[in-house]
Every structure is written in structure tokens, then in C-alpha cells.
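Any value given below was found using the heavy atoms of this structure, including those in side chains, with hydrogens, waters and symmetry copies removed. Ligands are counted one by one from 1 in listed order, and the atoms in each one are counted from 1 as well.
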Amino acid sequence: MDTILEVSNLNKKFTGFSLNNVSFSLREGCITGFIGINGSGKTTTIKSILGLILKDAGSIKFLGEEITDHERELKNRIGVVLDEGYFYEEMTLKEMKNVIAPAYTNWDEPVFLSYMKRFNLKLNQKISTLSKGMRMKYAIALAISHHADLLIMDEPTSGLDPLVRSELMSILLEFMKEDGKSVFFSTHITSDLDKIADMLILIDNGNILFNEEKDQLLESHAIVKGDHKLLNEQTRQLFLTLHETTYGFEGITQDLQQVRQQLKDIVIERPSIEDIMLAHIGGPTHVI
Ligand SMILES: Nc1ncnc2c1ncn2[C@@H]1O[C@H](COP(=O)(O)OP(=O)(O)OP(=O)(O)O)[C@@H](O)[C@H]1O
């Protein structure tokens, strides 16, 4: 599968926070979830990719070309949905569209109008009167009406109810039906990714901790529960995180084969993406 976007050694320093040699690549035809807790660096990474903040160092290649060298041409092929919708509140949806559309050479008005209809959005409605869900749908309609190959979204599901979140997931899956499309979206609501993500990238404190296929990640990790007596210095090493009480333990392992060999009478369960994320950043898993 071809690489659509390649981020190499991206560095950005703020007082008290830095992106440290952030490197990852996005594959064509994949939905990639960019996960991490609040303040881990997701927005900073996305804004650096889009040139909305100036990176200190690093390279960002879109389809093999340095993005800053062919900015206008390459950005024509990227659709963007940002956390703070960069809209003028007093404008109507039509007026705002008239500001945005000319920036894209491939703008497709009939496609835009079909999304408006489908999302039940009125062109003469003011931006300020949109609910959060409607605002998100409007932002998506604007982002995908110029035949973008890559859709980049920063926390698109934040603040949305489960119904709208699930609608959004369906829209993304539909967008992916056409050949050569890719989606990169950041979220801390990892349950949104259970059904739709192909790849997962975890960032923590400005460092990439993993960039792997979702199914592979779910298969290579397991929740293990057992009697406290099974734990010793050696068996403890088999776990990424471990919660112990006087009665039992619960841990997440990446080495199930060794766990099965060394620990008997254990219960093994499938972890969620959230369990895996928290295990890698050293946060709490379940409370026993
Ligand atoms: N312009 C800025 N100046 C100084 N610090 C900043 C600036 N922008 C972001 N930061 C800091 O960088 C860190 C990472 O922020 P960022 O918004 O990238 O995290 P995030 O993973 O997107 O978080 P969230 O999920 O809460 O949106 C935070 O500590 C934030 O305060």
C-alpha cells in the first residue's frame, strides 16, 4: 500500500511542551486514528502538518513531495476539519462557503449541495445558530466537496452525542469507498475507532509510542487476571501495567505466550483500544 503522508522527525517546542522527533506515515486507503490523552500533542502535530504553526524542524511529505514546496497544489488534495471551526459566526452557510470554495481548484458545487441536503443544512442559516453536530457536518461538507484525497480531522467527535458520532463514522466510511482516499483523525474518545480505524498512532507527551494496525494491536495485547500469589519479580516483567490487591491482580501484557507458560489458572480477556492506550502511557486500567 502506498504512503500518502510521511512525517519525519517533526520537532516543535513550546514553553513546557515539545514534539520530539515525531515520525509516522499514513497509508493510502486507510483510516488512521491519532490517539492520546489531553495535551499529548495531537493538535500541535496536525497544525504543524498543515503549516498552521511553524515547525522547528522535520519534514512533511504528501505523496512524496515536501508539503511546503508545493503548498497550494498539495493542499488542494487535503480536506481539513479542525477542532475550533474557523468560521465567521455572523455569516450564513452559503456566504461562508463562498469564502472557502475559491481556495480550491477542484471545488464541486453539486457535491457540496448534495451534502447540504443530506445533512439537512440550510444555506441561508447563520453559522452562529448551528448546533455542535450541525457545525461538524457543515465542516465535513466543506472539507470533502473538493475531491480531497486525504481528510485530516482534529477531534471531530469531541462534544458530540453518540448518535451524531455514529453518523460521522458512517460518513467517513462512505468517503473511503472511493479508491485512493485516506482519513487521519485525532481523538481521545477511542471507542469511536473500534469499528472504523485500520491503523492507530499513539502520541504521549510529544512522543510517538506506536504506529500499528488496529487488529494487530488488539491481537497482541491481552488483559490477564489471576491470583496475587502468581506474581513474582520475573512474572511481573511480563506486564505493561499491573494493578494488585491482596486478593488478585489485573494486568495488560504484550507477551501472552510467555504469560500462558509461566502463569496457571488465569483469566484472559480482550482489551479495548483505551486499555491498550492507557497501558502504554502508564495510566490506570480497570479498577479491581
Ligand atoms: N501556542 C502554544 N503556546 C504554548 N503552548 C502551547 C501552544 N499550543 C499548545 N501548547 C501546549 O502544547 C501541549 C500540547 O497541546 P495540544 O493541543 O497539541 O494537545 P492535544 O493532544 O491536541 O490535546 P487535546 O486532546 O486536549 O486537544 C499542551 O500542553 C498545550 O498547552
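- Remark: aromatic rings of Phe119 and Tyr138 are distant, center separation not under 6.0 Å.
- The shortest heavy-atom distance from Gly36 to ligand 1 is not under 4.0 Å.
- For Ile37, the closest heavy-atom approach to ligand 1 falls below 4.0 Å.
- Close approach to Glu155 involves these atoms of ligand 1, each under 4.0 Å from a residue heavy atom: 25 (O).
- Lys229 NZ: 12 or fewer foreign heavy atoms inside a 6.0 Å radius.
- Ranking protein heavy atoms by distance to atom 14 (C) of ligand 1, first place goes to Gly39 O, 3.5 Å.
- Using modelled atom types and a 3.5 Å distance limit, the side chains of Ser145 and Asp108 yield no donor-acceptor pair.
- More than 12 heavy-atom neighbours from other residues, nucleotides or ligands sit within 6.0 angstrom of CD on Gln261.
- For ligand 1, the atoms sitting less than 4.0 Å from at least one non-hydrogen atom of Ser40 are 19 (O), 20 (P), 21 (O), numbered in the order shown with element in parentheses.
- Note: no N/O pair closer than 3.5 Å links Thr45 and ligand 1 by distance alone.
- In this structure, atom 4 (C) of ligand 1 is in close contact with the protein, since a protein heavy atom lies within 4.0 Å of it.
- If you check each of Lys42, His188, Lys47 against atom 21 (O) of ligand 1, the one with the closest non-hydrogen atom is Lys42.
- Glu274 and Ser191 share no donor-acceptor pair across their side chains, judged by distance under 3.5 Å alone.
- Within ligand 1, counting atoms from 1 as listed, the ones closer than 4.0 Å to a heavy atom of Thr43 are 17 (O), 18 (O), 20 (P), 22 (O), 27 (O).
- Residue, atom and distance of the protein heavy atom nearest to atom 13 (C) of ligand 1 are Phe17 CG, 3.4 Å.
- Scanning the protein heavy atoms around atom 10 (N) of ligand 1, the nearest turns out to be Phe14 CD1, 3.5 Å.
- Contact annotation for atom 31 (O) of ligand 1: protein absent (non-hydrogen atoms, distance under 4.0 Å).
- No hydrogens or angles considered: a donor-acceptor pair under 3.5 Å links the side chains of Asn20 and Asn207.
- Here Thr15 has no heavy atoms under 4.0 Å from ligand 1, in either its backbone or its side chain.
- Within a 6.0 Å radius of CD in Glu6, other residues, nucleotides and ligands contribute more than 12 heavy atoms.
- In this structure the side chain of Trp107 reaches within 4.5 angstrom of the side chain of Leu142, judged on heavy atoms.
- Classified by interplanar angle (parallel below 30°, tilted 30° to 60°, perpendicular above 60°), the ring pair Tyr104/His146 is parallel.
- Of the listed options Asn38, Thr44, Ile46, Ile203, Thr44 places a heavy atom closest to atom 18 (O) of ligand 1.
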